[in-house]
Every structure is written in C-alpha cells, then in structure tokens.
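These notes are about the structure you will find just below.
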Amino acid sequence: AKMAAPDSEAVCVVAAARAVGAFAGETGDATLREALAEAKAVDHLLSCVPAANSSDPSGPSAGSDSDADVDAAANATGEQVGADPDGDDEGDDVDNADSSVSEVLRALKTIVETTGDGMDPLLKPICEPQALRCLRALAGQAGAAGRRRA
C-alpha cells in the first residue's frame, strides 16, 4: 500500500490499487482486510486522488453517502474505471496519472461495494469528511471537463 503515495510512479500506484482492490474485494477475507486496514491501504489510495489537496471548506452534507460519492467520482472519470472492454487488464498503459487515478477509484469502488467480514475499517477512511470532499471535487472536475468536450 505504501507504493500508493502522491509522489509514487503511476505504475506503482496502479499495481498497489489493483492489489488492494483484489484483497479487499469479494475474493479477500477478514485476515487480508485486517492487514490492509493496519497498513492504512485505503488512506494511501486516497492520498493519490488529485483533489486530496482541495481547500474546499464545506463539509459533507447531512446524510452523505460514500457509495454515491465514490460511484460519482468513478463514473465521472470515464470508461477507464469500468470494466476493461477487452476483458483484459494486461498491457494497459499504466504510465500516466489518469490511469493511476482510475485504478485508485476502481479499488475504492470495489471496497464500498463489497460486503463481508473486515470491511468496516476499510470503509472508515472513505467516509471521512475530507475524503468525501475530495471525491466530490474529483467528480465535479471530471464532469465539468466532460461537458466542455461535448
């Protein structure tokens, strides 16, 4: 998880995000999830989201829904976050920031969609006000960029 840091190379962030998503997801178990929580894997992933340095002072609205925030951010960044159209993640270009952010969002989306033992400690950092602001800002930026291109 320490491979995922704001100053890490994109290929390292992608690898870490894919590993965290796999270990935290449906194929993982409580032991793997506990290890991820102790390593602060989700915090490391969140530190790679560009809006993490957002100075937006407004907190999350009452009744914030982390699932909706992660989904909005993931969907707003485009097809990269969804399933690979070829069904093959091998050989993807992972040498750019967009790829790393997409993989981080994919891992976060996996975490919020997964149920089972050991998920609560992984979800907690995503539900923090700063993380929610960050995800909302990213979704807003991506949505605005998409509207400009249209």
Side-chain angles (χ1 to χ4, degrees), residues 1-84 89 92 94 96-148:
K2 290 185 181 181
M3 291 173 26
D7 59 347
S8 296
E9 291 185 34
V11 69
C12 293
V13 174
V14 168
R18 288 179 178 173
V20 170
F23 294 148
E26 295 298 330
T27 59
D29 61 18
T31 304
L32 285 171
R33 293 172 184 149
E34 182 179 336
L36 290 172
E38 287 177 13
K40 299 193 178 295
V42 174
D43 293 309
H44 290 289
L45 291 179
L46 287 168
S47 74
C48 296
V49 177
N53 299 322
S54 172
S55 59
D56 180 9
S58 62
S61 60
S64 289
D65 182 0
S66 62
D67 289 2
D69 292 331
V70 172
D71 285 345
N75 293 332
T77 58
E79 289 184 64
Q80 289 178 321
V81 176
D84 185 350
D89 286 336
D92 289 349
V94 296
N96 64 61
D98 289 343
S99 291
S100 62
V101 171
S102 294
E103 288 297 333
V104 166
L105 292 173
R106 181 179 291 145
L108 294 173
K109 187 173 182 180
T110 296
I111 291 167
V112 298
E113 291 176 341
T114 301
T115 58
D117 294 337
M119 291 307 298
D120 288 345
L122 296 177
L123 290 168
K124 187 177 179 184
I126 298 170
C127 296
E128 292 292 324
Q130 176 63 24
L132 294 173
R133 281 192 298 273
C134 178
L135 293 167
R136 285 189 190 113
L138 182 61
Q141 291 167 2
R147 285 190 298 274
R148 282 193 297 270

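What you are looking at is a predicted structure, and each value in this text was computed from that prediction instead of being measured. The residues of the chain are indexed from 1 along the displayed sequence.
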- Which distance, rounded to the nearest 0.5 Å, do you find between the CG of Leu135 and the CG of Leu138? 7.0 Å

- Note on the structure: The reported gap from CD in Glu113 to CD in Glu26 (rounded to nearest 0.5 angstrom) is 9.5 Å

Which heavy atom of [X] sits nearest to which heavy atom of [Y], and what is that distance?
{"X": "Pro121", "Y": "Ala37", "result": "CB-CB, 3.7 Å"}
{"X": "Glu103", "Y": "Val14", "result": "CG-CG1, 3.7 Å"}
{"X": "Ala22", "Y": "Thr27", "result": "O-OG1, 2.9 Å"}
{"X": "Leu46", "Y": "Pro125", "result": "CD1-O, 3.5 Å"}
{"X": "Ile126", "Y": "Leu132", "result": "O-CD2, 3.4 Å"}
{"X": "Val49", "Y": "Cys134", "result": "CG1-SG, 3.4 Å"}

Can you find a pair of side-chain heavy atoms, one from [X] and one from [Y], that are under 4.5 Å apart?
{"X": "Val101", "Y": "Pro50", "value": "yes"}
{"X": "Ile111", "Y": "Val42", "value": "yes"}
{"X": "Leu32", "Y": "Asp29", "value": "yes"}
{"X": "Leu45", "Y": "Val13", "value": "no"}
{"X": "Val20", "Y": "Leu122", "value": "no"}

- Message: So does Gly25 get a backbone contact from the side chain of Thr110, meaning a donor-acceptor N/O pair under 3.5 Å?
- Response: no

- Item | Exam field: side chain Arg33 to backbone Ala24, donor-acceptor pair closer than 3.5 Å | yes

- Please check if atom CG in Asp117 has more than 12 non-hydrogen atoms from other residues, nucleotides or ligands closer than 6.0 Å. no

